[in-house]
Participant: 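Following this message is one structure expressed as structure tokens.
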Number of protein chains: 2
Amino acid sequence: MNPDVQADLPSVEAPPNEPGPDDVWPLFIQFVLSLKSWWGSVCDDLDITPMQGHALRALDPDRPIAMSLLAESLACEPSNVTGIVDKLESRGFIARQSVGHDRRVKMLVLTDEGKATRTLLRERMETTPEAVAALPATTRKQLATILRDVLISRGALKP
Amino acid sequence: MNPDVQADLPSVEAPPNEPGPDDVWPLFIQFVLSLKSWWGSVCDDLDITPMQGHALRALDPDRPIAMSLLAESLACEPSNVTGIVDKLESRGFIARQSVGHDRRVKMLVLTDEGKATRTLLRERMETTPEAVAALPATTRKQLATILRDVLISRGALKP
DNA sequence: TATTGTTATACTCTATAACTATA
DNA sequence: TATAGTTATAGAGTATAACAATA
């Protein structure tokens with residue numbers, strides 16, 4: 001990844017079109033772009049790729065989940081998950097397990113090392129953007145409500 | 001891109017770890033992931049790749065901008081911008097122009113066709129997420145203020 | 001027949017490094 | 001020497017299609 005970015009949020013030039021006072025959607029888009037570099041640098045520190053990081057983050061430390069569910073969480077095709085899981089498995093972070101009732105399904109479990117790395121990742125992920133953490137609790141709560149409503153209303157999050 | 005996703009926001013399985021009531025940052029991360037598929041499908045409709053779409057969006061219809069500035073807007077290395085611009089140029093969407101005072105710099109201008117496609121893109125980009133558009137104007141304004149403050153506070157947006 | 005995961009393939013995205021042409 | 005953009009390269013991310021094993 002780009003090593004020049006700040007550890008918490010990358011410095012991105014403002015786009016040519018300054019957003020208007022109520023132009024909230026373009027702000028979201030730009031926010032997403034700025035997060036791309038940030039996430040890359042967070043994962044870089046743990047020597048994993050961005051998608052490996054997302055997988056590690058999405059896995060449940062207490063409960064195995066199926067490959068197909070991970071594919072949905074990562075919003076990509078199952079064929080790609082195979083490669084991502086392969087690499088995490090070769091690093092010793094996760095393991096594939098079979099379940100008795102359906103031998104087609106492979107469940108993914110985090111190893112102890114995987115859990116430790118996942119904890120590091122989530123710590124950095126949650127503590128890094130000071131600008132968000134510094135928001136007043138009420139504002140953060142408002143923001144969470146809005147984001148959750150948006151995700152739920154489109155079926156991207158279960159109520 | 002994945003053709004199964006909805007036109008406005010993809011249906012993504014909730015992650016194994018349900019976010020808490022004030023767990024705003026994980027919500028942002030998930031939001032980013034859900035936008036990835038959405039942006040891909042928006043660009044698919046216009047027969048451009050996601051990064052070509054971002055470039056088209058970042059370009060100024062009224063004013064040429066330098067390659068280097070586009071690289072910053074896209075949060076990627078200048079070497080990659082060459083290829084992205086090449087493709088947009090071969091599609092007839094943009095053109096490289098030289099400026100007199102420094103012949104190393106190449107300025108990017110949108111062609112009429114590029115402007116038209118950019119307009120289509122921005123229309124879909126802005127109108128698509130009904131969940132955001134449906135928010136009360138005051139809430140949208142609050143949200144815009146929060147996002148802008150976060151971006152500005154980290155130098156990702158000029159005040 | 002349908003589904004889960006894999007393999008094979010082609011393309012896009014990405015950073016690094018070496019290069020050119022300017023300054 | 002330094003900078004703007006290009007080329008070359010290697011690796012990561014992505015969707016599609018064909019496949020094996022299982023249901």
Participant: Please collect all ring-ring contact (aromatic ring centres under 6.0 Å, His included) contacts where either partner lies in residues 76-99 of chain A, sequence neighbours excluded, each pair once.
Facilitator: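 Every pair satisfying ring-ring contact (aromatic ring centres under 6.0 Å, His included) with a residue in residues 76-99 of chain A: there are none.
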Participant: Checking B/S79 now: which residues fulfil side-chain contact (heavy atoms from CB on, under 4.5 Å) with it, not counting sequence neighbours?
Facilitator: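 By the side-chain contact (heavy atoms from CB on, under 4.5 Å) rule, B/S79 matches B/E77.
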Participant: Which atoms of nucleotides 20-23 of chain C (N or O only) lie under 3.5 Å from a protein N or O atom, and what are those distances?
Facilitator:
{"unit_1": "C/dA23", "atom_1": "OP1", "unit_2": "B/R103", "atom_2": "N", "d": "3.1"}

Participant: B/L74 CG to C/dC13 P: how many Å, rounded?
Facilitator: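 Answer to the nearest Å: 10 Å.
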Participant: Output one line per pair: protein atom, nucleotide atom from nucleotides 9-12 of chain D, and distance, for all N/O pairs under 3.5 Å.
Facilitator:
none

Participant: Apart from B/V109 itself, what residues make up its hydrophobic cluster, given side-chain heavy atom links below 4.5 Å?
Facilitator: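 Reading the cluster by chain and number, B/V109 sits alone, since nothing else belongs.
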Participant: By the ring-ring contact (aromatic ring centres under 6.0 Å, His included) test, which pairs, at least two apart or in different chains, include something from residues 40-64 of chain B?
Facilitator: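 Every pair satisfying ring-ring contact (aromatic ring centres under 6.0 Å, His included) with a residue in residues 40-64 of chain B: B/W39-B/H54.
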Participant: Tell me every residue that passes side-chain contact (heavy atoms from CB on, under 4.5 Å) with B/T82, counting only those two or more places apart in sequence or in another chain.
Facilitator: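 Once residues adjacent in sequence are excluded, the partners of B/T82 under the side-chain contact (heavy atoms from CB on, under 4.5 Å) criterion are B/M67, B/D86, B/R96.
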Participant: Provide, to the nearest angstrom, the distance between the CG atom belonging to B/D86 and the P atom belonging to C/dT14.
Facilitator: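 After rounding, the reported distance stands at 16 Å.
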Participant: Measure NE2/B/H54 against C1'/C/dT12 and give the value in whole Å, please.
Facilitator: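 Checked: the NE2 to C1' distance equals 13 Å.
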Participant: Has the side chain of A/S68 got a donor or acceptor atom sitting under 3.5 Å from an opposite partner on the base of C/dT3?
Facilitator: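 In this structure, the two groups form no donor-acceptor pair.
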Participant: Round to the nearest Å and state the distance from A/I84 atom CD1 to C/dT6 atom P.
Facilitator: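 Going from A/I84 (CD1) to C/dT6 (P), I get 12 Å.
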Participant: Nearest whole angstrom, please: distance from the P of C/dT4 to the CG of A/L108.
Facilitator: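 Value for this atom pair: 14 Å.
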Participant: Do A/R122 and A/R57 touch side chain to side chain, with heavy atoms closer than 4.5 Å?
Facilitator: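 Contact flag for A/R122/A/R57 side chains = yes.
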Participant: Could you give the CD-to-C1' distance, from B/E77 to D/dT7, as a whole number of Å?
Facilitator: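 Taking atom C1' of D/dT7 as the reference, CD of B/E77 is at 15 Å.
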Participant: Taking atom C1' of C/dG5 as reference, at what distance in whole Å does atom CD of A/Q97 sit?
Facilitator: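 For the pair A/Q97 CD and C/dG5 C1', the rounded distance is 16 Å.
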Participant: Is A/S98 reaching over with its side chain to a backbone N or O of A/R103, donor-acceptor style, under 3.5 angstrom?
Facilitator: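 Flag not set: sc A/S98 to bb A/R103 has no pair under 3.5 Å.
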Participant: With clusters built from Ile, Leu, Val, Met, Phe, Trp and Tyr whose side-chain heavy atoms come within less than 4.5 Å, directly or transitively, what are the remaining members of the cluster of B/V105, listed by chain and number?
Facilitator: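 Members besides B/V105, by chain and number: B/V99, B/M107.
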Participant: I'd like to check the side-chain contact (heavy atoms from CB on, under 4.5 Å) partners of B/L46; sequence neighbours left out, ordered by chain and number.
Facilitator: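 Here the qualifying residues are B/I48, B/T117, B/L120, B/L121, B/R124.
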Participant: In whole Å, I'd like the distance from the CD atom of B/E89 to the C1' atom of D/dT6.
Facilitator: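 Roughly 13 Å, once rounded to whole Å.
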Participant: Hey, is the side chain of B/S79 pairing donor to acceptor with the base of C/dT16 inside 3.5 Å?
Facilitator: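 Looking at the base of C/dT16, it does pair with a donor or acceptor on the side chain of B/S79 (distance under 3.5 Å).
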